[in-house]
Each structure stands twice: as C-alpha cells, then as structure tokens.
Amino acid sequence: GSIVIGASGVVFGYLGYLLCRGLVEHSWWNIGVAVLIGLVYGWQITGILPGDSRISWQGHLFGFLGGALAAIVFRRRGLRTRATGDPADREPDPAPAGGA
C-alpha cells in the first residue's frame, strides 16, 4: 500500500556499494571510505527496516542489496605477475571464461 516515488532506492544502492566495496576489494583506501561513509551515513540503514507505512522500505532494502551485489560483481580483479617474477611486469588477470 505504499507509493514508490523518487530515487531513494538508488541512494541506498550507492550506500550499499560503498560500504561493501572496502570489504570486497581488501584495499586500505576502500576500507577507509567504507568506514567514513558508515560513520557519516550509517544511520540511514534504519530506513531499510519497516517503519512508516507510507514509505517503501522494500525499495530501500533491495537498493541496498543491489549495491552490495554490484560491489561483489564489479570488483577489480587482482594483478598477476608474469613468468619473470618481477613485480614491474604485472598484468591484469584475464576476464573469466564466458564473461564479458
């Protein structure tokens, strides 16, 4: 019985993406961004839970889950060392078979 208007699902998706990206990529920079975003905007996660019957919490929940899934799917692949073993000779890992 709620009306879904606006871009709150997109906002929650971006929040979920930023919070999960640091955990997925194991980068200090991304972990720092996730902690900062969690401290500043973490209170918005309460909007995922059912509260006011006029607000579509389902859009918030699935936006957040979609952002978390995007962080997993679109993570950067690690770099692998060529046969020389020299760290300067690094190349990106190839795309998975059958993927884009």
Side-chain angles (χ1 to χ4, degrees):
S2 60
I3 299 173
V4 179
I5 298 176
S8 61
V10 175
V11 171
F12 274 89
Y14 194 55
L15 177 65
Y17 176 78
L18 289 175
L19 288 176
C20 292
R21 185 174 175 184
L23 299 174
V24 170
E25 293 195 11
H26 303 289
S27 160
W28 288 108
W29 173 255
N30 290 325
I31 291 171
V33 169
V35 168
L36 179 66
I37 294 298
L39 290 173
V40 175
Y41 296 106
W43 61 270
Q44 285 189 346
I45 293 178
T46 60
I48 291 174
L49 304 173
D52 189 357
S53 63
R54 297 173 294 158
I55 298 174
S56 171
W57 63 271
Q58 295 94 344
H60 297 170
L61 174 65
F62 287 107
F64 186 84
L65 293 176
L69 180 65
I72 294 168
V73 171
F74 297 114
R75 70 184 179 271
R76 293 185 189 138
R77 303 291 190 248
L79 297 176
R80 104 186 135 142
T81 307
R82 293 185 186 168
T84 62
D86 185 9
D89 292 336
R90 296 178 81 90
E91 63 183 14
D93 285 342

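These figures come from a predicted structure and were not determined experimentally.
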Treating Ile, Leu, Val, Met, Phe, Trp and Tyr as nodes and any side-chain heavy-atom pair under 4.5 angstrom as an edge, say whether [X] and [Y] lie in one connected cluster.
{"X": "V11", "Y": "I37", "result": "no"}
{"X": "L39", "Y": "W43", "result": "no"}
{"X": "W29", "Y": "V35", "result": "no"}
{"X": "F74", "Y": "V10", "result": "no"}
{"X": "W28", "Y": "L36", "result": "no"}

F64 vs L19 side-chain heavy atoms within contact, under 4.5 Å: yes
Minimum side-chain heavy-atom gap L23-I31 below 4.5 Å: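 When only atoms from C-beta onward are counted, I31 and L23 do not touch, as no gap falls below 4.5 Å.
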Taking all non-hydrogen atoms of both residues, which atom of [X] and which atom of [Y] are closest, and how far apart?
{"X": "H60", "Y": "S8", "answer": "NE2-OG, 3.0 Å"}
{"X": "Y41", "Y": "L15", "answer": "CB-CD1, 4.1 Å"}
{"X": "E25", "Y": "R75", "answer": "OE2-CA, 3.9 Å"}

Rounded distance (nearest 0.5 Å) linking atom CZ of F12 with atom CG of L65: 11.5 Å
